Amino acid sequence: MKQIAILSGKGGTGKTSVTASLASLAKKRAVLVDADVDAPNLALVADPEQFFHQSFVTSKKALVHPDRCQQCLACLGPCQFDAISLSFDYPYVNPIKCEGCGLCAYLCLIEAITMEPHTSGFLSASKTRWKNNLYHGRLLPGGENSGKMVTAIREKAEKYAKENGVEFIFIDGAPGIGCPVIASITGCDLALLVTEPTLSGIHDLERIWALVKHFQIEAWVVVNKSDLSLENTNKIKKFCQDNNLPLVAEIPFSDDVVKSMTIGLSTYEYNPKNIFSQQIMNIWNQLVNFFQTVNSRTE
């Protein structure tokens with residue numbers, strides 16, 4: 001089993017479009033993970049049928065029990081997060097502001113405030129129309145521990161892949177370089193860095209490459225919408241050459257990408273003969289050949 005993280009330093013580069021097309025091409029040979037738990041969207045083109053759903057609980061929040069409270073209000077002032085206010089003469093804890101430090105519960109000598117498990121979001125697993133499993137999650141507004149949620153999702157995907165002999169796990173990472181991205185790439189075999197020929201795209205490619213390099217993970221680069229600025233595409237090529245980064249695909253802009261997404265299909269499904277799909281096929285073949293070579297060297 002090999003794990004490939006599809007990443008980008010910024011949103012809007014086409015990372016999920018690439019992931020969806022690879023997934024529709026790989027079918028049962030791949031398990032999918034949507035690691036963007038703040039704004040997951042891989043399911044929008046996967047037509048998933050959910051078969052697993054559970055609460056994600058990793059922290060505790062303060063809860064006031066009005067039937068026990070004697071309205072001494074000793075808990076109001078000390079909260080550094082301004083999470084406690086008066087509501088109908090009783091203290092009320094705003095769960096979004098509460099950081100779970102437990103100070104208010106400690107100060108309440110009659111245990112009218114207790115620390116209770118707090119649901120930060122939900123974990124799900126679904127079967128896609130491509131017949132592969134998609135593991136995903138969503139944090140609730142103000143939810144925390146995005147990195148832990150990504151780790152929990154990946155653990156479920158890895159367990160299924162190992163038990164069923166699935167060759168690949170495709171991880172559609174969140175944009176940027178924060179906690180969910182770090183949780184997405186830890187232990188991966190390859191990072192596919194999707195960028196675009198803009199100044200911000202180049203800058204964020206440099207950031208995500210620095211992160212991937214720090215974790216000593218093999219990386220390839222894909223330039224999406226490569227014909228929008230040939231000057232910036234050449235700058236990306238120069239960056240790849242200077243850092244010994246394989247540039248495995250230059251994908252010109254295609255209206256088919258927009259058309260396919262609007263009707264809920266991957267671009268490869270929508271038109272397997274267009275330039276985008278042909279480049280996806282090229283990436284897929286390189287992935288298969290690369291890992292076959294790696295496996296033969298280790299045997």
Side-chain angles (χ1 to χ4, degrees), residues 5 7-11 33-41 52-125 135-159 171-188 204 207-208 210-212 214-215:
L7 307 172
S8 63
K10 62 182 289 294
V33 171
D34 191 339
D36 187 355
V37 295
D38 289 298
N41 54 21
F52 170 82
H53 187 74
Q54 75 174 32
S55 297
F56 175 70
V57 179
T58 61
S59 61
K60 293 184 177 182
K61 301 278 187 178
L63 176 67
V64 176
H65 301 272
D67 57 321
R68 305 178 197 170
C69 181
Q70 296 181 358
Q71 303 178 31
C72 70
L73 306 184
C75 58
L76 286 182
C79 181
Q80 297 298 304
F81 307 103
D82 195 28
I84 305 179
S85 59
L86 278 179
S87 178
F88 301 104
D89 296 327
Y90 289 97
Y92 165 76
V93 178
N94 185 330
I96 294 180
K97 290 185 176 181
C98 179
E99 292 291 326
C101 69
L103 176 61
C104 56
Y106 174 79
L107 293 173
C108 186
L109 301 180
I110 59 172
E111 299 184 354
I113 302 178
T114 57
M115 303 302 296
E116 302 294 335
H118 178 74
T119 297
S120 298
F122 298 94
L123 305 178
S124 302
Y135 294 87
H136 48 121
R138 180 184 288 276
L139 286 176
L140 294 173
E144 299 175 338
N145 296 309
S146 58
K148 287 186 178 181
M149 176 176 272
V150 171
T151 299
I153 295 169
R154 285 188 60 190
E155 286 175 350
K156 293 185 179 299
E158 290 168 15
K159 183 175 184 294
I171 303 168
D172 185 21
I177 58 172
C179 290
V181 178
I182 294 172
S184 299
I185 65 175
T186 304
C188 278
D204 290 316
R207 292 201 309 158
I208 192 65
L211 179 66
V212 169
H214 173 78
F215 285 97

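Because the structure is predicted, anything quoted here is derived from the model rather than measured. Because only heavy atoms are used, hydrogens play no part in the values below, and waters and symmetry mates are left out as well, while side chains stay in.
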Original post:
So which pairs with a foot in residues 102-123 pass salt bridge (Lys or Arg N to Asp or Glu O under 4.0 Å), sequence neighbours left out?
Top reply: none
Original post:
Sequence neighbours excluded, which residues qualify as side chain to side chain contact (heavy atoms under 4.5 Å, CB included) partners of P95?
Top reply: Y92, H118
Original post:
Taking atom SG of C75 and atom CG of L103, what is their separation to the nearest 0.5 Å?
Top reply: 9.5 Å
Original post:
Rounded to the nearest 0.5 Å, what separation is found between the NZ atom of K156 and the CG atom of L123?
Top reply: 6.5 Å
Original post:
Rounded to the nearest 0.5 Å, what separation is found between the CE atom of M149 and the CZ atom of F122?
Top reply: 8.5 Å
Per-pair distances, 0.1 Å, donor-acceptor, side chain in residues 78-89, under 3.5 Å, sequence neighbours excluded:
residue : atom : partner : partner atom : Å
Q80     : NE2  : P78     : O            : 3.2

Subject >> All side chain to side chain donor-acceptor pair (under 3.5 Å) counterparts of K10, not counting sequence neighbours >> reply: E196
Subject >> Residues that T119 engages under side chain to side chain donor-acceptor pair (under 3.5 Å), provided they are two or more places apart >> reply: none
**OP:** Write down the atom of L107, the atom of A74, and the distance for their closest heavy-atom approach.
**Re:** CD1-O, 4.2 Å
Original post:
For P91 and C69, which heavy atoms make the closest approach, and how far apart are they?
Top reply: CD-SG, 3.7 Å
Original post:
Considering residues at least two apart in sequence or located in another chain, which fulfil the side chain to side chain donor-acceptor pair (under 3.5 Å) criterion with H53?
Top reply: S124
**OP:** Mind checking side chain to side chain contact (heavy atoms under 4.5 Å, CB included) for L109 and listing every partner two or more places apart, or none if nothing turns up?
**Re:** none
Subject >> Least distance between heavy atoms, R138 atom then D38 atom >> reply: NH1-O, 4.1 Å
Subject >> Of all pairs that satisfy side chain to side chain donor-acceptor pair (under 3.5 Å), the ones with a partner from residues 94-107, not counting sequence neighbours >> reply: none
**OP:** Could you tell me whether the side chain of D34 and the main chain of N41 form a donor-acceptor pair under 3.5 Å?
**Re:** yes
Original post:
Considering residues at least two apart in sequence or located in another chain, which fulfil the side chain to side chain donor-acceptor pair (under 3.5 Å) criterion with R207?
Top reply: D204
Original post:
For F56, what residues pass the ring-ring contact (aromatic ring centres under 6.0 Å, His included) criterion, not counting sequence neighbours?
Top reply: none
Subject >> Gap separating the NZ atom of K148 from the CG atom of L139, nearest 0.5 angstrom >> reply: 12.5 Å
Original post:
Looking just at side-chain N and O atoms, do T58 and N145 make a donor-acceptor pair shorter than 3.5 Å?
Top reply: yes
Original post:
How many angstroms lie between CD1 in I171 and CG in D36, if you round to the nearest 0.5 Å?
Top reply: 13.5 Å
Subject >> Pairs meeting criterion salt bridge (Lys or Arg N to Asp or Glu O under 4.0 Å) with involvement of residues 57-81, two or more places apart >> reply: none
Ignoring hydrogens and angles, write down the donor-acceptor pairs under 3.5 Å from the side chains of residues 178-188, residues two or more places apart or on other chains.
residue : atom : partner : partner atom : Å
S184    : OG   : P180    : O            : 2.6
T186    : OG1  : I182    : O            : 2.7

Subject >> Closest approach of G176 to I208 (non-hydrogen atoms, all atoms of both residues) >> reply: O-CD1, 3.6 Å
Original post:
Do I153 and V37 have side chains that get closer than 4.5 Å, going by heavy atoms?
Top reply: yes
